[in-house]
There are 2 protein chains.
Amino acid sequence: MQKEIALQDLSQDKEFERYESQFKALADKKRLHIMNILTQRGKTCVCDLAPLMGMTQSKLSYHLKILWDAGIIHKETKGTNSYYSINMKEINHLLSHELCCIFKPSC
Amino acid sequence: MQKEIALQDLSQDKEFERYESQFKALADKKRLHIMNILTQRGKTCVCDLAPLMGMTQSKLSYHLKILWDAGIIHKETKGTNSYYSINMKEINHLLSHELCCIFKPSC
DNA sequence: CCTATTAATCAAATTTTCTTGATTAATTAA
DNA sequence: TTAATTAATCAAGAAAATTTGATTAATAGG
């Protein structure tokens, strides 16, 4: 049954890859700070986020893309503005209740 | 009250730094695989882990150190052997119940 | 149409992380 | 004591992630 084992390994590998990208997204102080601000403020425009983070637009876009690619934030464009917000479903799926609190306005 | 704000920012910064190092530790497919094996087998010796992971001793030590420095695995030395195991307390503190399952033998 | 605004993308430089092979340190057994 | 075993550490090179400044693309307003 070598094939089945191989298939299982493959799907486990895919699973690990997904978590790898999500943990990578969270594995940065600046991005955790972004997540925290998005939690406190809710849906927020890049142009508002940049001064709050003390970051250039280019750098901020880079980090937002990493969070968005990992599926842990939402993105919405209106006119020339982009608004980002927490994907609470993914965060709840990923993190402990205790840790989710860091990303919840109520805590 | 600028001082208090500064102090809070500082402690939040420290908090983010701690999570950064824990997420960094998990943000790697190989290390997730190590965690998975430690879960299935419980306390495991480096010399047993190396062939299971298909890794050289040096490389494995490097990755184990990252997990251990982040506090998500335990280490115990007996004679010339080192045994590693999951720090379930930290994992439960960090990850969702659903995700912890990946690191639980019962699931 | 022209200009201004906003944000994504690109390329080059820098920094960080990972890999490799060798060395070192500690312990055990002969 | 000597040799063998196990694992940590080191230094150099390779690979990946991040930063920076410039460019591009899309939209809005005059």
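All values reported here derive from a predicted model rather than from experimental measurement. In what follows, chains are A, B, ... by sequence order, proteins preceding strands, each numbered from 1.
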Closest approach of A/Tyr83 and A/Lys43, non-hydrogen atoms and distance?
CB-CG, 3.6 Å
Are any non-hydrogen side-chain atoms of B/Phe23 and B/Leu94 less than 4.5 angstrom apart?
yes
Just checking A/Lys75: base, sugar-phosphate only, or nothing, at a heavy-atom cut-off of under 4.0 Å?
sugar-phosphate
Kindly compute the distance separating CG (A/Leu67) from CG (A/Leu38), expressed to the nearest 0.5 Å.
8.0 Å
Taking the nucleotide of DNA chain D with the nearest heavy atom to each, does B/Leu64 or A/His63 sit closer to the 5' end?
B/Leu64
Could you report the tightest heavy-atom contact between B/Lys30 and B/His63, atom names first, then the distance?
CD-NE2, 4.2 Å
Please find the pair of heavy atoms, one from B/Asp28 and one from A/Glu20, that lie closest to each other, and give the distance.
CA-OE2, 3.4 Å
Distance check needed: C/dC10 C1' versus A/Lys65 NZ, whole Å only.
13 Å
Whole-Å distance, B/Lys59 NZ to C/dG21 C1', equals 13 Å
Using the side-chain contact (heavy atoms from CB on, under 4.5 Å) rule, pick out the option among B/Thr44, B/Ile86, B/Ile91, B/Ile34 that qualifies with B/Thr39.
B/Ile86
Please report the distance, rounded to the nearest Å, between CG in B/Asp28 and C1' in C/dT19.
12 Å
Do you know the tightest heavy-atom contact between A/Leu95 and A/Cys100?
O-SG, 3.5 Å
Side chains of B/Gln57 and B/Ser61: is there a donor and an acceptor less than 3.5 Å apart?
yes
Atom pairs, N/O to N/O, protein against nucleotides 2-6 of chain C, distance under 3.5 Å?
from, atom 1, to, atom 2, distance (Å)
C/dT6, O4', A/Thr80, OG1, 3.4
C/dT6, O3', A/Thr80, O, 3.3
C/dT6, O3', A/Asn81, OD1, 3.2

Please figure out whether A/Ile66 or A/Gly79 has its closest DNA chain D nucleotide nearer the 5' end.
A/Ile66
Could you tell me whether B/Tyr83 contacts a base, only the sugar-phosphate backbone, or nothing, with contacts defined as non-hydrogen atoms closer than 4.0 Å?
nothing
Taking all non-hydrogen atoms of both residues, which atom of A/Phe16 and which atom of B/Leu32 are closest, and how far apart?
O-CD1, 3.4 Å
Does a side-chain N or O of B/Lys30 approach OP1 or OP2 of C/dT19 to a distance below 4.0 Å, or not?
yes
Quick one: how far along DNA chain D does chain A reach, first to last nucleotide 5' to 3', anything under 4.0 Å to a heavy atom?
D/dA17 to D/dA28
